[in-house]
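Not measured: the values here are computed from a predicted model. Below, read A as the first sequence line, B as the second, and so on, with proteins coming before strands; counting in each chain starts at 1.
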Amino acid sequence: MWIIIANIGWAVSAALAAWMVYDWFQTDSSYAEETLTSSREGEIEAVQEKHKV
Amino acid sequence: MAKATTAGPAPQRVSLLRVLGPAHVWALGVGIVLVGEYTGWNFAADKGGALAALIICWVVGLLYTSVAMIDSEVTSTVAAAGGQYAQAKHIVGPLMAFNVALYLVFAYTMLEVSNAILVADTIKSYAGEGFGDWHYRGVIATVIVVLAALNYRGVLMTLNVNFVITAFAYLAIIVLFFSVQPWSQGTVLKLGEMVTPDNALPYGWIGVIAAFHWGIWYYLGIEGTTQAAEEVRSPSRALPYGTMAGMITLLIGASLTWYVCASLLPWQYLGFTYFPLLDAGKVTGSPFLETLMFTATILAGIASANGCINDAARAFFSLGRDRYLPTWFSAVHPKYRTPYRSIVFLVPIALAFAFIANLGQAITFSILSGVLHYTFMSVNIIMFRNKWPLGTIRRGYTHPFHPIPAVVLFILCVVTFFAIFLGYGAQLTAMVIFYIIMSLWFHFYRYQYVRRGDQFTMPWPKPKGY
């Protein structure tokens with residue numbers, strides 16, 4: 001049973017790896033690089049949890 | 001012709017998604033760590049005997065309680081992905097932050113590798129003939145790639161899955177404990193026969209010191225809860241609750257694990273086996289307990305690998321966001337809101353290590369990076385309290401007895417380094433040299449690309465004395 005599961009595991013891994021790479025290129029080609037890398041550290045902290053003593 | 005004076009719309013920001021609560025933080029921390037009860041801690045018995053493994057369980061528990069308290073205070077204030085990396089950047093400086101991020105990435109990637117190897121070893125031990133190298137590697141690839149895809153798809157589902165499988169693996173320890181009638185020594189458990197005054201500490205107190213190396217494995221990774229800081233709905237509440245609850249859970253789980261395993265397995269075997277809880281389940285003679293512990297061992301390995309992928313990717317993502325590495329790594333998926341490039345980039349690295357390293361080496365690299373990281377934390381909290389004393393900034397949690405936890409943490413880290421040097425001196429030296437080379441590269445080359453003002457984002461007052 002474990003041999004069958006391991007072989008299925010290879011197939012599932014290959015399929016998921018292919019999906020991730022496909023989705024990665026789809027995403028990169030659909031959005032501007034500035035948008036994808038626009039996350040900024042602390043911006044939510046600054047808005048929602050202002051440091052008030 | 002008049003020029004248009006109205007600025008165009010600001011580009012839409014794509015950030016990580018704030019969807020997690022305290023239960024997810026618990027699932028992340030305990031999920032990463034719990035595998036340590038299923039394998040790893042027991043090698044401490046090989047170094048110093050069964051009693052040494054118990055002493056270390058509590059002494060290292062003290063180390064990690066200090067870690068959890070210190071971490072909860074600082075992270076409830078510096079709520080950003082990257083966890084201790086963001087803390088180091090704001091409190092110590094960029095070079096320390098770069099090193100801390102490397103410790104994090106190595107500690108979690110090597111832990112992920114160890115978990116994949118553990119799952120494959122566990123299955124191999126039951127698979128019988130015909131289960132060759134191809135199948136063994138198939139299990140490793142499945143663990144790493146499937147979990148990477150889960151992480152790629154979204155953090156909420158990832159940590160929901162982790163909560164369920166971690167809870168199962170933890171309850172399995174509780175079920176095993178009550179199934180062996182712990183209230184009636186001699187019925188199933190034979191602690192008095194297994195641990196005697198003659199064999200309790202076979203190598204004396206130096207054995208206890210040496211056991212620190214593997215004792216770290218009881219709790220290694222609980223500090224990973226802080227990596228979720230940018231994805232929890234309320235960092236100042238969820239992170240301290242989740243981390244401290246996780247630490248209490250683990251202290252109980254570690255003590256029960258030692259009691260059951262030391263009462264069922266001779267210390268020489270306990271220090272040698274890869275599957276102490278599974279073997280304890282076998283020794284009871286109950287097929288149900290054996291199957292339960294087999295399943296729980298695999299699930300604990302999967303939960304840990306899942307959390308490690310989450311944490312390593314966030315540390316790598318944070319490095320890119322501050323330009324400590326190319327900004328390319330700081331991309332967030334606009335639909336799934338995960339650091340997708342960092343997740344995918346670390347997959348082949350994990351696979352390469354998992355295919356060439358053995359379990360002992362992978363665990364040691366993970367432990368080394370972890371202990372370097374804890375040493376930083378003891379210095380970090382002293383600097384944090386000195387620069388921003390109580391009352392100057394808002395803290396979600398303030399840890400008690402300062403500076404005793406920091407001093408205890410530092411002393412125990414020094415002892416652990418000595419213990420690692422006794423067993424893996426070459427690896428320790430090689431790793432320190434690696435970090436020195438990377439520091440030189442960062443200082444003399446990479447730092448020129450960092451936008452120095454942009455990296456400090458916390459809206460804090462100037463530190464005391466500046």
Task: Student check: side-chain heavy atoms of B:Y397 and B:S236 closer than 4.5 Å - done: no
Open item on the list: Applying side chain to side chain contact (heavy atoms under 4.5 Å, CB included), can you list everything that pairs with B:S330, at least two apart in sequence or on another chain?
Closed with: A:T37, B:F317, B:R321, B:T327
Open item on the list: Using side chain to side chain donor-acceptor pair (under 3.5 Å), reason through B:S318 and A:E41 one step at a time and then give a plain yes or no.
Closed with: CA-CA 8 Å; B:S318 303; A:E41 178 186 284; 5.6 Å; no
Open item on the list: Within the 4.5 Å heavy-atom criterion, are B:R341 and A:D28 side-chain neighbours or not?
Closed with: yes
Task: Residue part contacting chain A, namely of B:Y340, when any heavy atom lies under 4.5 Å - done: side chain
Enumerate donor-acceptor pairs with a distance under 3.5 Å from any side-chain N or O in residues 1-10 of chain A to protein atoms, sequence neighbours excluded.
from	atom 1	to	atom 2	distance (Å)
A:N7	OD1	B:W134	NE1	2.9
A:N7	ND2	A:I3	O	3.3
A:W10	NE1	B:W134	O	2.8

Task: Contact class of B:A148 relative to chain A, heavy atoms under 4.5 angstrom - done: both
Open item on the list: For the interface with chain A, which of B:R153, B:K335, B:R137 has the highest count of heavy-atom pairs at distances below 4.5 Å?
Closed with: B:R137
- [ ] Measure B:F329 against the heavy atoms of chain A and call it side chain, backbone, both or neither at under 4.5 Å.
- [x] neither
Open item on the list: As an exercise: rank B:V143, B:I123, B:V139, B:V146 by heavy-atom pairs under 4.5 Å with chain A and give me the winner.
Closed with: B:I123
